[in-house]
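Counting starts at 1 for both ligands and their atoms, following the listed order.
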Amino acid sequence: MTNLSSNSIDLNTTLLESTHDAILAVDKLLNLNLSNTQFNKKFIKGVEHKHIEEIFEDQEVITAFKDCIKTSESRKVQEHSIFHKNRTHYYEIVVSPIIRNEQCIGAMGVFKNITEAKLTEQMRVDFVANVSHEIRTPLTSIKGFAQVLDSNDKFIAPEAKHYLDKIITNTERLHALFSDLLNLSVIESRHRLLKKEVNLKFMLESVKAMLLQNYADKNMNISYDLSVEFVRVDPKLFEQALINLIENACKYSGNDANIKISNFIDNEESVIITISDDGPGISKEHLGRIFERFYQVDSSRNKKHDSTGTGLGLSIVKHIIAKHKGVIWAESEPDQGTIFFIKLPINPNKIDQND
Ligand code: ADP
């Protein structure tokens, strides 16, 4: 057997060349120091590049290297795509600091090819999206015709009205279910968020106006108290998460309920947003499961409050928050209301030491 440790320089080169990952190392000024053949084949286009900014146009990649060197902490780029030999290749990049004598002297990037996984995932998402879309179209038509029948007493005998109402309600449930499934698969497949600085106050005002109108008969009181006004999020997705959480608070709390939204900075590293209500609460046995797909605490509670609940609302929220590299959890006791906590990192590309 060959002794792997006989020549350490040879061994290092052999290891670098044996891996399927593309690897490069840069010094503190981001000058290229070392790269393996996998990297050169895919990322170097003819001319000899000396600086990382000559290789990558993607600012997220450049920022990951800069941040890593500045903070001596690892960074991750979830998805970086390149066009090579007539097809798109996808990479996940982990950038780690190179430390010598307790000083950061550069950074090393490991580029893992995730193209296969990405394409399989895309096929699954496309399938769910197509099925959901195809099913929603005839459902809309069934509901439309049922409503036409319902609107005119001439069309339908009084004894049949009860069955017609059931058709309409169940069509609405199916429509909501397929819309949520479609939403979920689209969110799951999104690797790149369209993040912007968003004024949370404006966003909450519009969510509040919509929900107060939808739940006008319940006389809800929705208020907010923000210590951080701006958050960096994907506005469409994040608004969807807030709608789902605040709408649940409206749906499951009784009349005259108080729903409060607040936020604060935690440890200078994250923003925590809380959504609390004084509704029926959730017991311990259910609390750990409410973010699972299709999980509903008890179907009678859901039927009482809303016939179109799908059990997917919180699962959608969890995915949206995870896409922002955040976490969500809830605290609750029966009859004591519920508080949802969203924790968003201020620097989302940072890799947790426990990752
Ligand atoms: P659904 O479509 O049934 O509302 P969700 O995924 O949004 O599904 O919620 C899962 C379950 O968690 C709900 O069925 C409901 O019983 C419970 N739940 C969610 N939010 C609250 C809340 N604010 N207060 C009490 N129960 C809640």
Visitor: Is the His89 ring parallel, tilted or perpendicular to the His84 ring (thresholds 30°, 60°)?
Guide: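 Rings of His89 and His84: perpendicular, over 60°.
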Visitor: Answer with side chain, backbone, both or neither: which part of Asp277 has a heavy atom less than 4.0 angstrom from an atom of ligand 1?
Guide: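 Side chain only.
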Visitor: Decide, yes or no, whether a salt bridge links Lys161 with Asp150 under the criterion of side-chain N to carboxylate O below 4.0 Å.
Guide: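 Yes.
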Visitor: Just to check, does Lys251 reach to within less than 4.0 Å of ligand 1 when the distance is taken from its heavy atoms?
Guide: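 Per 4.0 Å heavy-atom rule, Lys251 contacts ligand 1.
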Visitor: Please state which part of Ile282 comes within less than 4.0 Å of ligand 1, counting heavy atoms only: side chain, backbone, both or neither.
Guide: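 Answer for Ile282: side chain.
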Visitor: Any chance the rings of Phe43 and Tyr91 have centres within less than 6.0 Å?
Guide: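 Here the rings of Tyr91 and Phe43 have centres that are less than 6.0 Å from each other.
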Visitor: Are any of the N/O atoms on Gln296, whether in the backbone or the side chain, positioned under 3.5 angstrom from an N/O atom of ligand 1?
Guide: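 Such a contact does occur with ligand 1.
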Visitor: Report, in ascending order of atom number, the atoms of ligand 1 lying under 4.0 Å from any heavy atom of Gly309.
Guide: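 Counting from 1, the qualifying ligand atoms are 2 (O).
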Visitor: Ignoring hydrogens and angles, tell me if any N or O in the side chain of Asn31 forms a donor-acceptor pair with the backbone of Asp27 under 3.5 Å.
Guide: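 Pair absent, no side-chain N/O of Asn31 close to backbone of Asp27.
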Visitor: Look only at interatomic distance and state if Gly311 has a nitrogen or oxygen under 3.5 Å from any nitrogen or oxygen of ligand 1.
Guide: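 So ligand 1 has an N or O lying under 3.5 Å from an N or O of Gly311.
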Visitor: Just by modelled atom types, is the Ile282 backbone N or O under 3.5 Å from a matching donor or acceptor in the Ser332 side chain?
Guide: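 Such a contact is found between Ser332 side chain and Ile282 backbone.
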Visitor: Hey, are Arg293 and Glu188 close enough for a salt bridge, meaning a charged N less than 4.0 Å from a carboxylate O?
Guide: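 Yes, Arg293 and Glu188 are salt-bridged.
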Visitor: Please work out whether the ring planes of Phe39 and Phe111 are parallel, tilted or perpendicular, with thresholds of 30° and 60°.
Guide: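 Correct class here is perpendicular.
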Visitor: Where on Val297 is there a heavy atom closer than 4.0 Å to ligand 1, on the side chain, on the backbone, on both, or on neither?
Guide: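 The answer is both.
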Visitor: Once you restrict to heavy atoms under 4.0 Å, what part of Phe291 touches ligand 1? Side chain, backbone, both or neither.
Guide: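 Contact part for Phe291 vs ligand 1: neither.
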Visitor: List every atom of ligand 1 that sits less than 4.0 Å from any heavy atom of Leu314, numbering the atoms from 1 in the order shown and giving each element.
Guide: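 Reading through ligand 1 atom by atom, the close ones are 5 (P), 6 (O), 7 (O), 9 (O), 10 (C), 19 (C).
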